[in-house]
Number of protein chains: 2
Amino acid sequence: MTPPRLEVVTRVTLQTVADRVGVSRMTVSNAFSRPDQLSTALREKVLAAAAELGYVGPDPAARALARGTAGAIGVLMTDSLAYAFSDEVATGFLAAVAHELAPTGLSLTLLTSGERGEHVPARDVPMDGALVYSCGIDSGAVDWLTRRGLPVVFVDQVPVPGIPSVNVDDRGGARAAAQHLVDLGHRRIGIVNREHTDDPSLVAATAAGDLHVSHQRMLGWSDALDAAGLKPVLTQESPRPAEWTAGKAERPEDADARAVREMLELPDRPTAILCFSDVMAYRVVRVAEELGLRVPEDLSVVGFDDSPLARRMRPALTTVRQDVSGKGRAATAALTAAIEAAKTGHKPSRAKRVVLPTELVVRDSTAPPAG
Amino acid sequence: MTPPRLEVVTRVTLQTVADRVGVSRMTVSNAFSRPDQLSTALREKVLAAAAELGYVGPDPAARALARGTAGAIGVLMTDSLAYAFSDEVATGFLAAVAHELAPTGLSLTLLTSGERGEHVPARDVPMDGALVYSCGIDSGAVDWLTRRGLPVVFVDQVPVPGIPSVNVDDRGGARAAAQHLVDLGHRRIGIVNREHTDDPSLVAATAAGDLHVSHQRMLGWSDALDAAGLKPVLTQESPRPAEWTAGKAERPEDADARAVREMLELPDRPTAILCFSDVMAYRVVRVAEELGLRVPEDLSVVGFDDSPLARRMRPALTTVRQDVSGKGRAATAALTAAIEAAKTGHKPSRAKRVVLPTELVVRDSTAPPAG
DNA sequence: CGGTTGTTCTGTACCGCTACAGTAACGCGG
DNA sequence: CCGCGTTACTGTAGCGGTACAGAACAACCG
């Protein structure tokens, strides 16, 4: 015996509309998805009936299953979305991706690398492909993606054979930045880097995937400094913000500031500092000011990225420009191409590797050393 | 005749695994999704077989269809994602949403309100519910969402009966800001607002949905100014950045700067300025500096939002704090509740309306007028 | 006028999974 | 040895679409 309780809202599906108009379900489907498959007159009639019945359109989930495409791509980011969103470089990248994606009809789903409870985004979210951005390969997330057989593009990661990647010329940019200081006459140069390692084997290993960028920049700085016979004063940033959630105390910043202060209070303090990012450069400038040092008279500071902050700061920051939007565009293009290729069964003979150029932008935060 | 061409990669599904182990497909499904439904021994055997066959787990799309849930929520934002991402208030909100969402297993899909080509995100993306954030209701997107019968929560929008909403006390905050200036002794006060309207009927109308916030703030400022018998010097911001895409010239900023400059060059220039946002306040300070005016000695400036920029600026900005993270949390909570309610068929008797408090934060950008 | 072509609509067979009802086997008290 | 509550597993019937191979019929052509 069927339960007497009537379904209050019987879901309106293709069939409902089809019955109403007196055509086959397929015709209704075509009316919505392939207008060229039926006469205009009938299509209008179907659409009218659909509107009347409150049928909005093909159910996205059902369509995804039947078509075999999800209509969305994922962006795999740091576990801490708070970090990702507060970083102007990351958001600029995302904006470019979103913008580039729009005309393709694909939408953008944010993936965290962390596995909260039973749910693993990289495994459980329907998508047609994914961008792996600024996140360690160590997180199982990348594994899930590849195991699912999803097209993937690496951004700012260590390139891996067989996987398309987009990078910027971090090393070259860093080299130019360091050379700039050398050319200005600086001999004691400090470096404020993010967590990184000098051991290439470690960097190459999957466990240190997201250190790639800092390592490359370090290499670039060393290129120029070594050539000039200089040895930098190092300062490492505290480890990456693991569980740095919105609203909590900002550990990394404090640790950073302290380290920089120590460096600037050395008897033989550096006359110039190379920084991993504009944000770090900003912090360095603040610390310098607190210590009564003028920038650039007493201390030259160079950033990296040329984020909006660099222009906003005073003094305006000398930095290395990378084309964040271009990176987003290139990554998106590479991914959509890979998705297309996967669809048609084509095996991309060689995974494309894109390396975008960087460019030194000299502004007001660098000058020859005093004395 | 079936095509002789063999399927190169036969897709591995539940059935494949089931056949291999010699159990029913249902058992394999349970092994993955409901471990308590079978013996541990068998489950392990199934999992092992799955691993061996390269079966990653239930296909998300198929699962979504069968279960009737998409496992994702959408956030409807301005057409220009570039704008959304470059705004610290918006990104802070998003970060909070993402963070709050994580434990629920829901992921986050970005929806643009614009309809590019045939694809309309709000209609075509599988999701269980959506947040409507900082986007005009005029865009058909909201219509699509509601027509689909999706649970929706409005954030910073004009509250609509029957729809849960989260707002902050914009008016109260603005009032406090204006009162602060009045109390300091200012009599000539300028206002730099975003596009807005004074016509309440227009604001209430759907066509002007995203002007709600600017209108509320305007009301708040007026509350205090009117009470003090003052009439503000108005300056409107240019219209919202319609097609302000990444990398393009930044029109709004320029227009803004020009307008502010005009205001500050008046013979009877204001001694204090109230701004719609911290970003605008920042621009005002820059213009003032260019004109040789000192802040706060010659000009007091008040922002809104208390975004990170406010603390970063020099002088540190007096502003009105709103709890962006709290807004994100509240919105997410409201949405998940609504989704839950929808699932169990419960009709939420009354849509909840949350209004978060605001608080004046006095820093260094305001002082009594000179003379 | 037979044959080819084109348009418009239909029928069937999935897509891969889950809900739910049901069956078989087992343990156990009486 | 029967009845009965558990536990472990299975079968069926969808979820709501789309792909693709026809079928019906008109138009066109030599």
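Small disclaimer: the values here were computed from a predicted structure and weren't measured.
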Completion exercise
When rounded to whole Å, the CZ to C1' distance for the pair B/Arg123 and D/dG16 reads 16 Å
Practice task
For residues A/His99 and A/Arg329, determine if any side-chain heavy atom of one lies less than 4.5 Å from a side-chain heavy atom of the other.
Solution key: no
Exercise for the section: Nearest whole angstrom, please: distance from the P of C/dT18 to the CG of B/Asp59. Expected result: 9 Å
Practice task
Check whether any side-chain heavy atom of A/Leu94 sits under 4.5 Å from a side-chain heavy atom of A/Met77, and report yes or no.
Solution key: yes
Problem - Flag side-chain contact, heavy atom, 4.5 Å: B/Val125 against B/Leu111 - result: yes
Handout entry: Whole-Å gap separating P (D/dC9) and CZ (B/Arg34)
Key = 14 Å
Exercise for the section: Check every atom of C/dC15, C/dC17, C/dA19 against the side chain of B/Tyr55 and return the nucleotide holding the closest atom. Expected result: C/dC17
Handout entry: Options C/dC15, C/dG16, C/dA19, nucleotide nearest the side-chain atoms of B/Arg11
Key = C/dG16
Problem - Sub-4.5 Å side-chain heavy-atom contact between B/Ile73 and B/Thr109 - result: no
Problem - Helical bend (five base pairs per end, nearest 10°) for the helix from C/dC1-D/dG30 to C/dG30-D/dC1 - result: 40°
Exercise for the section: Grab the CG-C1' distance between B/Leu14 and D/dG14 for me, whole Å please. Expected result: 16 Å
Exercise for the section: Would you kindly give the CZ-to-P distance between B/Arg67 and D/dG16, to the nearest whole Å? Expected result: 16 Å
Practice task
Could you tell me whether the side chains of A/Arg63 and A/Ser33 share a donor-acceptor contact shorter than 3.5 Å?
Solution key: yes
Exercise for the section: Before giving the answer on side-chain contact (heavy atoms from CB on, under 4.5 Å), spell out for B/Phe154 and B/Leu131 the whole-Å C-alpha distance, their side-chain angles and the decisive distance to 0.1 Å. Expected result: CA-CA 6 Å; B/Phe154 278 8; B/Leu131 258 26; over 6 Å; no
Exercise for the section: Can you tell me the distance, in whole Å, between the CD atom of A/Gln15 and the P atom of D/dG14? Expected result: 13 Å
Exercise for the section: Over 60° means perpendicular and under 30° means parallel, so classify the ring planes of A/Tyr133 and A/Phe93, tilted if in between. Expected result: parallel
Fill in the blank from the handout: Readout for nucleotides 6-14 of chain C: B = base within 4.0 Å of protein heavy atom, S = sugar-phosphate only, - = neither; 5' to 3' it is --SBBB-B-
Handout entry: Sidechain-backbone polar pair: A/Asp124 side chain, A/His119 backbone, donor-acceptor under 3.5 Å
Key = no
Practice task
Could you tell me whether the side chain of A/Asn167 reaches within less than 4.5 Å of the side chain of A/Pro159, counting heavy atoms only?
Solution key: yes
